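Read the structure below first, then the notes.
Just so you know, these numbers come straight off a predicted model, no measurement behind them.
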Amino acid sequence: MREPDPTAATLATRIEELYGHPLRVLEAHSTTTPHTSMLAALIGSLTDLQLAERSITFHRDRLLQLAHPERSIGAFDAGHLLDNARRISEAVAVRDAHAKTLNAVLQSLHRAPAPATETPPALPAPPPLTVPSAPTR
């Protein structure tokens with residue numbers, strides 16, 4: 001049996017690296033923050049991506065079971081074969097759409113540098129302004 005597509009796992013790792021915490025901590029935090037946060041959007045898309053991957057695995061396994069070489073295929077089974085193939089196609093399209101979006105968003109984000117512990121030196125005071133004198137006659 002083939003392992004599930006690693007797309008969601010790869011993107012989950014990238015989210016963890018971006019936010020600097022394990023995914024379970026980020027998921028817990030995203031449920032307590034407004035749903036308009038970037039983290040909540042990333043977690044939501046990742047969850048949808050994971051669901052699509054599980055759907056692909058489930059329908060692929062069911063398709064393999066229905067098309068087993070030792071099994072006869074009747075009219076009833078043919079409809080199930082077609083339905084599972086269609087569902088795999090839909091799940092792959094959903095997975096690819098979520099993966100493309102998550103990749104694009106994650107590529108546009110980066111970790112902000114840690115704040116400096118010491119304050120930068122003050123800029124020197126600007127020189128005093130001089131007003132040109134009026135010409136004498």
Could you see if Val25 belongs to whatever hydrophobic cluster contains Ile15? Use Ile, Leu, Val, Met, Phe, Trp, Tyr and a side-chain cutoff under 4.5 Å. no

Value for CZ (Arg24) from CD (Glu27), rounded to nearest 0.5 Å, stands at 10.0 Å

query = Counting only N and O atoms by type, is there a donor-acceptor contact under 3.5 Å from the side chain of Ser89 to the main-chain atoms of Ala85?
reply = no

The reported gap from CG in Leu64 to CG in Asn84 (rounded to nearest 0.5 angstrom) is 9.5 Å

Sorted by chain and residue number, the salt bridge (charged side-chain N to carboxylate O under 4.0 Å, His left out) partners of Arg71 (sequence neighbours excluded) come out as Asp77

For Asp83, the side chain to side chain donor-acceptor pair (under 3.5 Å) test, sequence neighbours excluded, returns Arg86, Arg87

Here the gap from Ile43 atom CD1 to His29 atom NE2, rounded to the nearest 0.5 Å, amounts to 10.0 Å

Residues pairing under ring-ring contact (aromatic ring centres under 6.0 Å, His included) where one sits in residues 49-75, two or more places apart or in two chains, turn out to be none

Next on the checklist: For a side-chain contact (heavy atoms from CB on, under 4.5 Å) check, start with the C-alpha distance between Tyr19 and Leu42, then their side-chain angles and the critical distance, and finish with the verdict.
Outcome noted: CA-CA 11 Å; Tyr19 283 90; Leu42 288 172; 3.8 Å; yes

Taking Val105 as the starting point, is it possible to reach Leu23 by hopping between hydrophobic residues whose side chains are less than 4.5 Å apart?
yes

Those residues at least two apart in sequence (or on a different chain) that pass side-chain contact (heavy atoms from CB on, under 4.5 Å) with Leu51 are Arg54

Can you find a side-chain donor-acceptor pair between Arg14 and Asn103 that sits under 3.5 Å? yes

The reported gap from CG in Leu26 to OG1 in Thr31 (rounded to nearest 0.5 angstrom) is 11.0 Å

side-chain contact (heavy atoms from CB on, under 4.5 Å) filter on Val94, not counting sequence neighbours, yields Ala52, His98

So the side chain to side chain donor-acceptor pair (under 3.5 Å) pairs with at least one residue in residues 42-52 (sequence neighbours excluded) are none

Is a side-chain N or O of Glu16 found less than 3.5 angstrom from the main chain of Pro22, in a donor-acceptor match?
no

Here the pair of heavy atoms bringing Ala8 nearest to Leu49 is CA-CD2, 3.7 Å

With sequence neighbours left out, the residues meeting side-chain contact (heavy atoms from CB on, under 4.5 Å) with Leu81 are Leu63, Leu66, Ala67, Ile73

Here the gap from Thr7 atom OG1 to Glu53 atom CD, rounded to the nearest 0.5 Å, amounts to 5.0 Å

Residues pairing under ring-ring contact (aromatic ring centres under 6.0 Å, His included) where one sits in residues 76-97, two or more places apart or in two chains, turn out to be Phe76-His80

message = Do Leu109 and Leu46 sit in one hydrophobic cluster, given that two such residues count as connected whenever their side-chain heavy atoms are within less than 4.5 Å of each other, even indirectly?
response = yes

